[in-house]
Amino acid sequence: MKEYDHKKIEKKWQILWEKKGIYHAQNKSKKKKYYSLIEFPYPSGDGMHVGHIRSNTAMDIISRKRRMEGFNVLYPIGWDAFGLPTENYAIKTGKQPAVITKKNTDTFRRQLQSIGFSFDWSREINTTDPKYYKWTQWIFLQFLKKGLAYKAKMTINWCPKDKIGLANEEVINGCCERCGTTVEQREKEQWMLAITKYADRLYEDLDDVDYLPQIKLGQRNWIGKSEGAEIEFKISSPIPGMGEKVKVFTTRPDTIFGATYLVLAPEHQLVQKLKSQIPNWKEVEKYIEETKSKTEIDRKIEDKIKTGVELKGIKAINPATKEEISVWIADYVLSTYGTGAIMAVPAHDERDFAFAKKYNLEIKNVIEPIFVNNPKEDLHFVEREAIHAIVKHWTEEKYLALKWKKVDWLTFVTGGVESGENTKDAAIREIQEETGYQNIKLIKELPRSHSKFYHEPKKENRFAHFSNFYFQLINDEQKELSQEEKEIHELRWMTIEDLEKEMTIGGALRDLENLQGKEKFYLGNGIVTNSGRFDGQDSEKAKKEIVKFVGGKIKTTFKLRDWIFSRQRYWGEPIPVIHCEDCGMVPVPEKDLPVELPKVKNYQPTDSGESPLANIAKWVNVKCPKCKGKANRETDTMPNWAGSSWYYLRYTDPKNKKEFANKKNLKYWTPVDWYNGGNEHTTLHLLYSRFWHKFLYDLKLVPTNEPYMKRTSHGMILGGGGVKMSKSLGNVINPDDIVKTYGADTLRLYEMFMGPFNQSVAWSEEAIIGPRRFLERVWKIGKQVAEPDTFTQSLGPSLRSATPSQKHTGSAMSVSKLLNKTIKKVTEDIEEMRFNTAVSTMMILVNEMDKNEVSIKDFKKFLQILAPFAPHITEELWGVLGEKKTIHLSEWPKWDKNFIQDEEIKIAVQINGKVKAEIMILLDEDEESIKKKVFANETVLKQIAGKEIKKVFYVKNRLLNIVL
RNA sequence: GCCCGAGUGGCGGAACCGGUAUACGCGCACGACUUAAAAUCGUGUCUCGCAAGGGAUGUGGGUUCGAUUCCCACCUCGGGCACCA
């Protein structure tokens with residue numbers, strides 16, 4: 001076997017590895033543990049998608065590297081097999097879901113094994129296995145015990161086609177996520193999980209984990225935490241003592257003096273209570289009816305047009321101003337959020353503003369914007385230059401602001417000078433010089449915690465005194481405003497953010513016309529006005545006191561709702577509950593778990609909205625565990641999110657019959673160190689499993705507060721032309737074909753090489769040949785290195801001609817150097833998931849090795865860094881080179897620092913920023929001697945002839961720029 | 001509408017704490033080997049220009065000695081959220 005034949009070596013090694021169990025994780029080990037996780041696949045009938053391979057390969061590379069770094073690695077695999085696709089297929093074909101699942105998982109297993117992933121197959125799990133879902137049901141019972149699982153009458157989203165209740169998150173634009181049918185509203189008893197009880201922890205604990213920023217943001221947005229206040233408004237009544245009260249929730253209590261009317265959600269119960277006092281009740285009732293019949297789609301079409309009806313005869317008292325204000329109902333106020341009622345402040349809220357405009361309600365301004373610098377990290381608030389930079393960037397605008405607004409002081413935030421300097425004096429002097437204002441007073445130094453924000457951690461030690469200050473500039477040169485300035489004055493309604501965007505230096509006046517067209521409401525913070533004794537205060541700081549003043553309560557509200565946990569379908573975990581005529585709802589005793597799914601003939605859901613399980617009398621009719629009387633089983637099943645909410649825990653002890661996992665194993669393996677998965681699961685699945693984990697943590701059943709230490713996500717693989725792969729388009733790539741023609745190693749390498757891991761990339765049938773050629777070259781060099789003498793003769797005629805007649809000799813050193821650089825780059829790139837550049841770096845090395853003499857030692861090191869990417873070919877060549885033990889448990893190579901930097905390097909010579917020449921210099925050569933070289937260069941001399949050199953910039957070991 | 005992310009050769013993409021734009025791969029062209037083809041190897045491949053020199057990182061501005069990278073506005077594409085007070 002001389003030529004690279006992937007078919008022979010790949011199968012061989014896959015069998016051998018499994019036989020020796022080299023990828024099996026040990027529950028006890030002297031080594032440090034590492035738990036790497038991928039989302040377990042849903043085994044669909046279509047077989048594996050090339051997208052699965054991308055994610056799996058990435059974590060496989062990381063897992064393999066960790067093993068070589070001496071870790072005891074757990075990289076498990078299983079099947080998330082409950083759910084609709086299988087059930088729908090069962091309905092269509094009449095086959096049993098369990099049978100279909102078995103067939104599909106067999107296919108997936110075979111496919112995954114053919115690609116050489118280093119999964120620990122001994123820990124394979126399946127959510128539809130009664131031995132597994134016994135514990136899903138068990139955990140549910142714990143929720144029930146703690147009162148976190150409950151039944152409630154809910155208007156649910158009902159898909160008339162799938163005949164299934166949908167969670168809010170499964171409704172996309174008012175349509176069913178799966179089939180696209182318009183969703184209806186139905187009232188139904190549903191099982192709920194009280195995830196809202198954990199909302200705050202789910203939000204706050206994100207600080208402690210290493211998720212990609214956008215993932216954290218997604219989680220936070222979904223939870224939707226807002227801190228605000230609940231404030232009571234009295235409803236005035238002609239009959240003394242009959243007055244009602246209404247609570248509103250607001251995040252802006254500081255604007256309460258500007259609350260000029262009150263709006264209730266049409267469903268608000270107070271509306272019905274007040275019925276007798278409302279003279280225009282007919283009109284009101286009509287509006288309520290209209291709202292009820294409105295579907296999500298209708299609301300969408302209406303878009304942002306606000307509608308509402310005034311409750312005539314009803315007035316509320318603004319607790320701040322004590323003035324009477326009108327009361328309205330409008331469907332822009334949601335009954336399900338906050339208290340279902342709001343105080344409307346049209347001057348400082350976009351929706352209230354629109355509503356007030358439409359119905360001609362009073363708009364009362366109570367916040368004046370101020371121009372407070374909102375310094376951003378990127379402005380480099382360090383070093384002396386920082387002050388220059390800030391002042392330079394902001395003074396002009398500040399100065400204008402002073403004139404426009406006729407204010408006599410402004411805040412300035414600045415700070416940060418080198419150690420040993422007096423920061424305050426330096427800052428004040430800078431501002432005096434730059435602004436011309438002499439009358440500057442320091443008002444306030446920000447607390448230490450605040451200044452942390454501006455710190456650059458790497459440079460920390462350089463700045464002993466780092467502070468931020470508010471300065472007061474006294475405007476001692478009040479001028480009359482010119483016409484132009486008066487116009488600018490009108491801008492005060494703009495948000496600070498807008499102003500910051502619009503007013504670049506020198507551009508402030510130019511873009512004026514654009515700005516003046518905008519609507520006049522102001523959302524930002526500022527100075528409180530028109531608010532009695534609070535006038536002049538900073539709005540943010542005034543909040544607390546105003547809440548106190550009106551007798552309100554500080555409150556935090558979340559967008560997150562409780563989780564609708566039941567499905568009226570067959571293919572899910574039965575909810576382990578029995579309904580008894582006498583005892584009511586009785587949990588199935590733990591000893592009777594699992595409640596197994598019965599085999600049925602018909603999986604068609606009932607139109608009544610009940611699960612198909614309801615039709616199986618034999619299964620439904622049971623004795624009550626408590627009184628032994630007549631009772632019925634709960635026929636709802638759990639959603640697919642259930643089994644996947646805790647599967648990573650089961651991997652630590654997959655066969656345990658006594659508990660969901662042994663405590664020792666959990667203690668050793670959790671938390672998951674690195675979890676990679678799709679973007680589509682970064683909100684819900686992650687949130688749900690974090691919730692379950694925290695719940696189990698509270699029961700002291702798991703040792704950590706969070707399940708996953710690190711979470712990353714991969715981009716999708718698209719079909720040619722950048723469209724999604726789908727059966728209907730016929731652009732689905734079958735990995736089996738690729739493995740057959742090119743081999744698993746090539747497929748793995750190609751998927752890593754095709755583009756940045758976190759972005760979606762289009763599959764290219766043509767480009768895959770590149771990685772294949774690369775591996776052929778690796779093979780050829782490997783053979784040459786192994787048998788340098790006999791190699792050329794023993795080759796077939798086709799390969800012999802391919803071998804360069806002469807190898808460059810004496811350049812083993814340069815290959816070694818490049819190898820060391822490559823080891824460094826690959827080592828670092830893998831950690832950052834920059835697999836594409838890791839591969840390209842290895843390609844460069846191989847091209848070089850092909851041209852030059854390579855030592856066995858060097859080649860082996862190269863094989864080791866390639867091994868996680870292409871496990872089969874490297875293992876084979878490793879053996880060919882005389883190694884007896886597997887390459888995959890060998891020690892990850894280190895790079896030699898001394899080898900990495902060249903002694904002689906090429907730098908660019910620029911003239912006015914354009915590259916004109918290149919010269920060779922010694923590493924770290926001193927500037928003077930480089931200049932000598934440069935000014936001896938012909939091209940340079942020609943360019944600078946007769947011109948005056950203004951300045952010369954030298955960037956160490958990089959370039960030299962001559963400014964003329 | 002709002003919030004993220006991205007726009008670089010024929011194509012996938014590299015470079016981004018501001019410092020030689022187009023690494024690596026695909027494709028294409030020419031050459032070597034071959035009776036021939038495939039495979040392989042070699043050379044070339046942003047663009048205008050004979051050259052000297054220009055011009056190009058979605059568009060237009062700004063900061064800078066120097067910008068694909070930072071700032072502002074706009075355009076296009078992808079993803080998420082959509083009246084959450």
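Since we're looking at a predicted model, the values are computed, not measured. Naming convention: chains lettered A, B, ... in sequence-line order (proteins, then strands); numbering from 1 in each chain.
Side-chain proximity of A:L959 to the nucleotides B:rG19, B:rC3, B:rU40 is greatest for B:rG19. When distances run from any side-chain atom of A:V915 to the nucleotides B:rA21, B:rU40, B:rA82, the shortest one goes to B:rA21. Listed candidates were B:rU20, B:rA23, B:rU40. Nearest to the side chain of A:S840 is B:rA23. Listed nucleotides B:rC81, B:rU20, B:rA85 differ in distance to A:W222; the shortest reach to its side chain belongs to B:rC81. Residue A:P771 has its side chain nearest to B:rG25 when only B:rU40, B:rG25, B:rG19 are considered. In this structure, of B:rC65, B:rG25, B:rU20, it is B:rC65 that holds the atom nearest to the side chain of A:N961. When distances are taken from the side chain of A:V955 to each of B:rA85, B:rG19, B:rC24, the shortest belongs to B:rG19.
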List, with names and distances, any nitrogen or oxygen atoms from the protein found under 3.5 Å away from nitrogen or oxygen atoms belonging to nucleotides 11-14 of chain B.
{"from": "B:rG12", "atom 1": "O2'", "to": "A:M754", "atom 2": "O", "distance (Å)": "2.5"}
{"from": "B:rA14", "atom 1": "OP1", "to": "A:N836", "atom 2": "ND2", "distance (Å)": "2.8"}

Nucleotide N/O to protein N/O under 3.5 Å, stretch nucleotides 51-55 of chain B:
{"from": "B:rG54", "atom 1": "OP1", "to": "A:K916", "atom 2": "NZ", "distance (Å)": "3.3"}
{"from": "B:rG54", "atom 1": "OP2", "to": "A:K916", "atom 2": "NZ", "distance (Å)": "3.3"}

Hey, what are the protein-to-nucleotides 43-45 of chain B N/O distances that come in under 3.5 Å?
none

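Summarising the local packing, CZ of A:R958 is surrounded by 12 or fewer heavy atoms from other residues, nucleotides or ligands at distances under 6.0 Å. Annotation: A:K931, atom NZ; neighbour count of heavy atoms from other residues, nucleotides and ligands within 6.0 Å is above 12. Other residues, nucleotides and ligands place no more than 12 heavy atoms under 6.0 Å from the NZ atom of A:K956. Crowding of A:K225 atom NZ: a count of heavy atoms from other residues, nucleotides or ligands under 6.0 Å exceeding 12.
In this entry the distance linking CG of A:L749 with C1' of B:rG25 reads 11 Å, nearest Å. Rounded to an integer number of Å, the gap from A:I768 CD1 to B:rG27 P is 12 Å. Atom CG of A:L718 is separated from atom P of B:rC77 by 17 Å (rounded to the nearest Å). As a whole-Å value, the separation of A:I781 CD1 from B:rU40 C1' is 14 Å. Atom C1' of nucleotide B:rC26 and atom OH of A:Y742 are separated by 11 Å, given to the nearest angstrom. Here the C1' atom of nucleotide B:rG5 and the NE2 atom of A:H714 are 16 Å apart, to the nearest Å. B:rU20 atom P lies 16 Å from atom CD1 of A:I911, rounded to whole Å. A:I769 has its CD1 atom 7 Å from the P atom of B:rU40, to the nearest Å.
Considering only side-chain N and O atoms, A:N847 lies under 4.0 angstrom from the phosphate OP1 or OP2 of B:rG25. Phosphate proximity of B:rG18 to A:R958: absent, as no side-chain N or O sits under 4.0 Å from OP1 or OP2. Applying the 4.0 Å criterion to OP1 and OP2 of B:rA85, one finds that A:R252 has every side-chain N and O outside that range. For B:rC4, the OP1/OP2 oxygens have no side-chain nitrogen or oxygen of A:R220 closer than 4.0 Å.
The partner of B:rU57, taking Watson-Crick or G-U wobble pairs whose two distances both stay under 3.5 Å, does not exist in any strand shown. Across all strands shown, the partner of B:rA32 is B:rU40, judged by Watson-Crick or G-U wobble contacts whose two distances both fall under 3.5 Å. When both pairing distances are held under 3.5 Å, B:rU64 makes no Watson-Crick or G-U pair with any nucleotide shown. The nucleotide B:rA21 finds no pairing partner, because no Watson-Crick or G-U wobble arrangement with both distances shorter than 3.5 Å includes it. Pairing of B:rU45, defined by two Watson-Crick or G-U wobble distances under 3.5 Å, is identified with B:rG27. Taking a pair to require two hydrogen-bonding distances under 3.5 Å in either a Watson-Crick or a G-U wobble arrangement, B:rC81 pairs with B:rG1. For B:rA6, the paired nucleotide is B:rU76, the pair qualifying as Watson-Crick or G-U wobble because both relevant distances are below 3.5 Å.
Between A:W328 and A:L361 there is a side-chain heavy-atom pair separated by less than 4.5 Å. A heavy-atom distance below 4.5 Å is found between the side chains of A:R220 and A:Y203.
In this structure, A:T336 reaches neither bases nor backbone, as no heavy-atom distance under 4.0 Å exists between it and the strands shown. A:K559 comes within 4.0 angstrom of a base, heavy atoms only. Backbone-only engagement by A:I844 is indicated by non-hydrogen atom pairs under 4.0 Å involving sugar-phosphate atoms exclusively. At a threshold of 4.0 angstrom between heavy atoms, the contacts of A:N221 with the nucleic acid are absent. Among the protein residues, A:T250 comes within range of the sugar-phosphate backbone only, with heavy atoms under 4.0 Å from sugar or phosphate atoms but none that close to a base. Within 4.0 Å (heavy atoms only), A:E918 reaches at least one base atom of the nucleic acid.
Taking the P atom of each, B:rA73 and B:rG10 are spaced 31 Å apart, rounded to whole Å. Comparing B:rA38 with B:rC50, their P atoms are spaced 34 Å from each other, to the whole Å. Atom C1' of B:rG55 sits at a distance of 11 Å from the matching atom of B:rG49, rounded to the whole Å. The gap from the C1' atom of B:rC33 to that of B:rA39 amounts to 11 Å, rounded to the nearest Å. Going from the C1' atom of B:rG62 to that of B:rA14 covers 28 Å, rounded to whole Å. Going from the P atom of B:rA15 to that of B:rA21 covers 16 Å, rounded to whole Å. One P atom belongs to B:rG13, the other to B:rC2, and the distance between them is 29 Å to the nearest Å.
Side-chain rings of A:Y261 and A:F355 approach one another, their centers coming within less than 6.0 Å.
For B:rG79, the glycosidic angle deviates from 0 by more than 90°, giving an anti base.
Here the closest non-hydrogen pair linking A:V345 and A:D352 is N-OD2, 2.9 Å. Residue A:N912 comes nearest to A:N961 through the heavy atom pair N-OD1, 3.4 Å, listed as atom of the first residue, atom of the second, then distance.
Looking at which nucleotide of RNA chain B each of A:S764 and A:R777 is closest to, the 5′-most match is held by A:S764. Nucleotides of RNA chain B nearest to A:A767 and A:F558 differ in position, and the one nearer the 5' end is that of A:A767.
Residue pairs meeting the side chain to side chain donor-acceptor pair (under 3.5 Å) criterion with at least one partner in residues 333-343 of chain A, sequence neighbours excluded, are A:S226-A:Y337, A:T336-A:R561.
In summary, the side chains of A:T307 and A:Y287 do present a donor paired with an acceptor at a separation below 3.5 Å, with no hydrogens or angles considered.
Taking the 5.5 Å centre cut-off and the 30° plane limit, the aromatic side chain of A:F953 is classed as stacked on B:rC65.
Qualifying side chain to side chain donor-acceptor pair (under 3.5 Å) partners for A:S713, counting only residues two or more places apart in sequence or in other chains: A:N679. The side chain to side chain donor-acceptor pair (under 3.5 Å) check on A:T196 picks up A:D562, with sequence neighbours excluded.
For A:K306 against B:rC83, a side-chain N or O and a base N or O form a donor-acceptor pair under 3.5 Å.
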